[in-house]
Amino acid sequence: MERVIIHVDMDYFYAAIEEREDPSLKDKAVVVCMYSNRGEEGGAVSTSNYIARKAGIRSAMPCRQAKSLKPDAVFLPVRKGFYEEVSARVMDILSSHADSEEAFEKISIDEAFLEISQNCGKDFEKAQYIGMRIKHDVLEHEKLTCSVGIGPNKLIAKMASSFRKPDGMTIVKPEDVRDFLSPMPVKKLWGIGKVTEEKLQQMGIETIGQLAAYDTQELIAEFGKNRGTWLKKAASGIDESPVTERTATDQIGRMASLKENTRDDDMVFALLDELVDDVIKKAVSRKVSFRSVTITVIFSNFRMATKSRTLNHAVSDKGILHETAREIMLQFLRESSMDFRRIGVRVGNLQQNIGQKSLFEYF
């Protein structure tokens, strides 16, 4: 089945956010570290900007080693909660361009897949426009850059997004897959680790093209049926895995399109109530309470805006969520005259409810 898949990878995400928050960091080497209980002498590099990378600093490198490579770099501690808030807004932007909510798959805090086969009519020229729109929206709303890969499946899209970083976009049409993959070293094939790479090299396989041409039965004999078959298919650019919604552990949300672009109160609040009901059902099934409520609006011109409210304490009450969501939505309606295209409801700061089943008796 012909598909068009986009993979979006934020550029040096944590360090880029820190640069955005503090303009004085521009043109400096920035290293974000996950410090251990030994303070700044322990821990490892979480991410670094490209200036720091030119000095040899890499993710997972001990912070002490990174400091020895670039003593004048700016070293900052990870602010994971803050980065997650930024990520949530970015993911709202990305998901607004997918064919549906189910056609969006967040795979980490800074990258995601989305299927756009319907939105672009399986036309890669139109897909390019959507990719450019995504980059524009992320830059406009979050002042961050991202790299975009567009391909006929997840594997190709993922590899394409890494082809021109930072702030790049690479489109690989079905007829160009072989030429795109063949010259690359096998270590570039998404899913191949160091051990597999070394074993392939021992077999005389240096490039993805050589792997694609290798006898399938010999690969199965060396790696087993599942792994050997996968290596052959992946090297040939074949990937049938679907783009599927993943359940986030730190938040629960729903986003959906209105039947038409509108700001009609009845239509907006009818969809809002439906989304709230669905979010509550998910909270009930996971037995969690929440402290934050976020409403997202995608306007008719594809611009996105979010408003959040933090509650005094964690709750799991349907009425409170309805009331809070409606109050926030009223703010949107008062402040903007533009029609709405999509709206979303998200709750965060989740807490597990243990032995508190009575909290859900309202449902």
(Q) I need the Gln210 CD to Gln201 CD distance, nearest 0.5 Å. (A) 10.5 Å
Q. Is the NZ atom of Lys187 crowded by more than 12 outside heavy atoms at less than 6.0 Å?
A. no
**Q.** Approximate separation, where rounding is to 0.5 Å, of Tyr214 OH and Leu200 CG
**A.** 9.0 Å
Q. Hey, does Met169 have a side-chain heavy atom less than 4.5 Å from the side chain of Ile150?
A. yes
Q: Apply side-chain contact (heavy atoms from CB on, under 4.5 Å) to Asp123 and Tyr129, showing your working.
A: CA-CA 10 Å; Asp123 183 332; Tyr129 171 79; over 6 Å; no
Q: Decide whether Thr262 and Glu260 meet the rule of one side-chain donor and one side-chain acceptor closer than 3.5 Å.
A: no
Q. Is the count of non-hydrogen atoms from other residues, nucleotides or ligands lying under 6.0 Å from Arg178 atom CZ greater than 12?
A. no
Q. What distance do Met184 atom CE and Thr207 atom OG1 have between them, rounded to the nearest 0.5 Å?
A. 11.0 Å
**Q.** Cluster check Met338, Ile343: I/L/V/M/F/W/Y, side chain < 4.5 angstrom
**A.** yes
Q: Dump the intermediate steps for side-chain contact (heavy atoms from CB on, under 4.5 Å) on Arg58 and Ser48, then the final yes or no.
A: CA-CA 7 Å; Arg58 296 290 182 268; Ser48 59; 5.9 Å; no
Q) Does the ring center of Phe340 lie less than 6.0 Å from the ring center of Phe299? A) yes
Q: Check the side chains of Ser300 and Arg341 for a donor-acceptor pair under 3.5 angstrom, ignoring hydrogens and angles.
A: no
Q. Do the charged groups of Glu21 and Arg79 touch, with an N to O distance under 4.0 Å?
A. no
**Q.** Neighbour count above 12 (heavy atom, 6.0 Å) for Lys135 NZ
**A.** yes
Q) Any Lys/Arg nitrogen of Arg326 or Asp273 sitting under 4.0 Å from an Asp/Glu carboxylate oxygen of the other? A) yes
Q. Side chains of His322 and Asp317: do they bring a donor and an acceptor to under 3.5 Å?
A. no
Q: Go through the side-chain N and O atoms of Tyr12 and Glu18 and say whether any donor and acceptor fall under 3.5 Å apart.
A: no
Q. For residues Asp92 and Thr296, is any side-chain donor paired with an opposing acceptor at under 3.5 Å?
A. yes
Q. Taking Lys318 for the side chain and Asp277 for the main chain, is one N or O donor matched with an acceptor at less than 3.5 Å?
A. no
Q. So if you build clusters from Ile, Leu, Val, Met, Phe, Trp, Tyr with side-chain heavy-atom gaps below 4.5 Å, do Met255 and Met267 land together?
A. no
Q. Should Leu76 and Asp22 count as side-chain neighbours, where that means a heavy-atom distance under 4.5 Å?
A. no
